[in-house]
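In what follows, a structure is listed as structure tokens, so that the remarks can point back to it.
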Amino acid sequence: MVFRYELEGGNFSKAGHASSEIKKTLKQLSVDPRIIKRIVVALYEAEVNVVAHAWKGEVLAEVEANQITLTLRDEGPGIPDIPLAMQEGYSTASPAVRQMGFGAGMGLPNMKKNVDELEIESRVGVGTNVRMVTRFSGE
Amino acid sequence: MEEEKFYHAIEVDHDRCLGCTRCMTKCPTKAIRIRDGKAQIRRDWCVDCGECLKTCPTLAVYVEEDDFRKIFDYPCRVALLPTVFTGQFSKYTTEQEIVGAIRELGFTHVFPVEYSTDMVCREMLRRMESAEEKPVISSFCPAIVRLIQIRFPMLVDNILPVKPPVNASATYYHRVLENRGIPVEDIGIFYISPCAAKIAALKGEEGYTSAIRGVINLDTFYNKVYHVLKNRPKDHVPDCELPPSLTKKEMRWSQTGGESKHFPGRSLAIDGIHNVIDFLERMETTDEVRNVDFLELRACNKSCAGGVLTVANRFLTAERMMKRSQNRDKIPMIYAAEDMDALAWLKQHIAMPPVQPKTKLIYKGTREEVLEKMEQVRNLMRSLPGIDCGACGSPNCRTLAEDIVRNEARINDCILIRNTNKEKEYEHEGK
């Protein structure tokens, strides 16, 4: 089953909507609460990334009986150096974004830590695709 | 998985219920449906918060209570009295007069609920230090504990497994009475409850299990006490022993902020069940709630002063409790107690079993089956009007769709769809 949510650049107050909905769905599927927590953390970080950096984007969540695949596509500046962006503490967030309590440079590393698979594709000036997979079995 | 059920104290009188949908839309766990024109509560989703009772225009929702005469089954009859009870009366009614009236009603002892507060607080602080999950959440409000079990199962481990004062004080005082040589079967401790959730929490599936033998609803008790006070001659001087007096901290424990100010770090007090839900939702999904150490969460606005069974205005009650406790700063009585044995007994029995999750599951079945049902709900949502009118008997269109998929409702329960279908029929017949 696929769920789709839209994201709007700069609208931080709406970031977290997709994570909240996905959390409710996973609870109904009786997924281990610890795994739900990790998925929600990763998705929330990813949502904030799109809102903080891109112009607009969407979340596609494909929920299956044994795993969830989260795809975030955005139209935005893209990431020129992905390995650099994966480093803890590296951030390109604007001072305004940092003032709101975001942009500590932990987004991507946190996402990687909390999912089973993370793939990033990006084209500078066009946008970024992030794909995250987590299996429910927990092994 | 074992299906342990909750005991519930809230009932609906179907003779009075109009089926008006007010309670259904207010219910924070969407546990109410209107079926055959009457409100029905889904037992496994109800947290006994009493929101339905507060909103019911015909007083059809009520709290079940024990027969008052049950106290006379026991030679030793204890009224376990919360500070909010005294808060129902203005400053012109003294504690002495209130206690005198309670004794006249047949109680042999009056003991304050908040007596054990300091001990409870210390134990909470001790456990908070070693807690793995922050913020820790107080177990004080039973409606909140149930809410977390049902709606926020990921947070059950954050609840401190320490008995709330009512249970701790009952444990302590029961032991004191035993030590005085009173046989266990003669001791009847009755709690005067300001809310339904406390009753439900104290009375398990098989009846009362703790030291408490029964519960009297605070409104019923208020009427009885007030009646005695009103019928007294003006110059009446009550002659009775006062229960141990409480400190400021103890008297204010049940107020909003009464707990939180005694915990170090970032400590928040949130009252009102909808406020609590909003906060916990944010805590679960966003990283907005960071570095919070302690949460005091209460289901009622103004905490126990706003309990569903209270009589007086909650703001006045809170103000009176503050005033009455103003000049009460001394050592907590519990440490001055002669009864060191009962104190040691309480120390050993102050913990409660860890809270278990009881997730509200909308659908039964394997993950594949549940996913399929979710898909069906999504398809149904396309044909439902989405105005959430509640006329079908479910709180909103989404819950109607879920009820349909669970075979508990039909698409024709939607009055708009039914109307459209009828119109089509007429057109068809017209041709």
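- Atom CD1 of B:Ile10 is separated from atom CG of B:Asp48 by 5.0 Å, given to the nearest 0.5 angstrom.
- No hydrogens or angles considered: nothing links the side chains of B:Glu296 and B:Ser267 as a donor-acceptor pair under 3.5 Å.
- When each of A:Leu29, A:Val40, A:Val31, A:Thr25 is checked for heavy-atom pairs under 4.5 Å with chain B, A:Leu29 comes out on top.
- In terms of heavy-atom pairs under 4.5 angstrom with chain B, the leader among A:Lys24, A:Lys27, A:Glu45, A:Lys37 is A:Lys27.
- Of the listed residues (A:Gln28, A:Arg34, A:Glu64, A:Lys23), the one with the most heavy-atom contacts under 4.5 Å to chain B is A:Gln28.
- A salt bridge does not link A:Glu121 to A:Arg73: none of the charged nitrogens lies less than 4.0 Å from a carboxylate oxygen.
- The part of B:Lys360 that comes within reach of chain A is its backbone (N, CA, C, O), which places non-hydrogen atoms under 4.5 angstrom from that chain.
- Around the CZ atom of A:Arg4, the shell of radius 6.0 Å holds more than 12 heavy atoms that belong to other residues, nucleotides or ligands.
- For residues 375-384 of chain B, the interface with chain A (any heavy-atom pair closer than 4.5 Å) comprises B:Glu375, B:Arg378, sorted by residue number.
- Between B:Glu372 and B:Arg367 there is no salt bridge, since no side-chain N of the basic residue sits under 4.0 Å from a carboxylate O of the acidic one.
- When heavy atoms are compared at a cutoff of 4.5 Å, A:Glu47 does not approach chain B at all.
- Looking at A:Phe3, both its backbone and its side chain come within 4.5 Å of chain B, counting heavy atoms on both sides.
- If you measure heavy-atom distances from B:Arg290 to chain A, the contacts under 4.5 Å come from the side chain alone.
- Using the six-membered ring where Trp is involved, A:His17 and A:Tyr5 have ring planes that are perpendicular, over 60° apart on the 30 and 60° scheme.
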Verdict with reasoning, A:Leu108 to A:Ile120, per side-chain contact (heavy atoms from CB on, under 4.5 Å): CA-CA 10 Å; A:Leu108 287 177; A:Ile120 305 173; 3.8 Å; yes
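- Both the backbone and the side chain of B:Glu284 come within contact range of chain A, with heavy atoms under 4.5 Å apart.
- In this structure, B:Lys26 places its NZ atom where only 12 or fewer heavy-atom neighbours from other residues, nucleotides or ligands lie under 6.0 Å away.
- Judged by a 6.0 Å distance limit and a 45° cone about the ring axis, B:Arg298 is positioned over the six-membered ring of B:Phe140.
- Proximity to chain B (any heavy atom under 4.5 Å) is shown, for A:Leu43, by neither the backbone nor the side chain.
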Candidate pair A:Leu72 and A:Met132, rule side-chain contact (heavy atoms from CB on, under 4.5 Å), full reasoning: CA-CA 9 Å; A:Leu72 289 97; A:Met132 299 184 282; 3.9 Å; yes
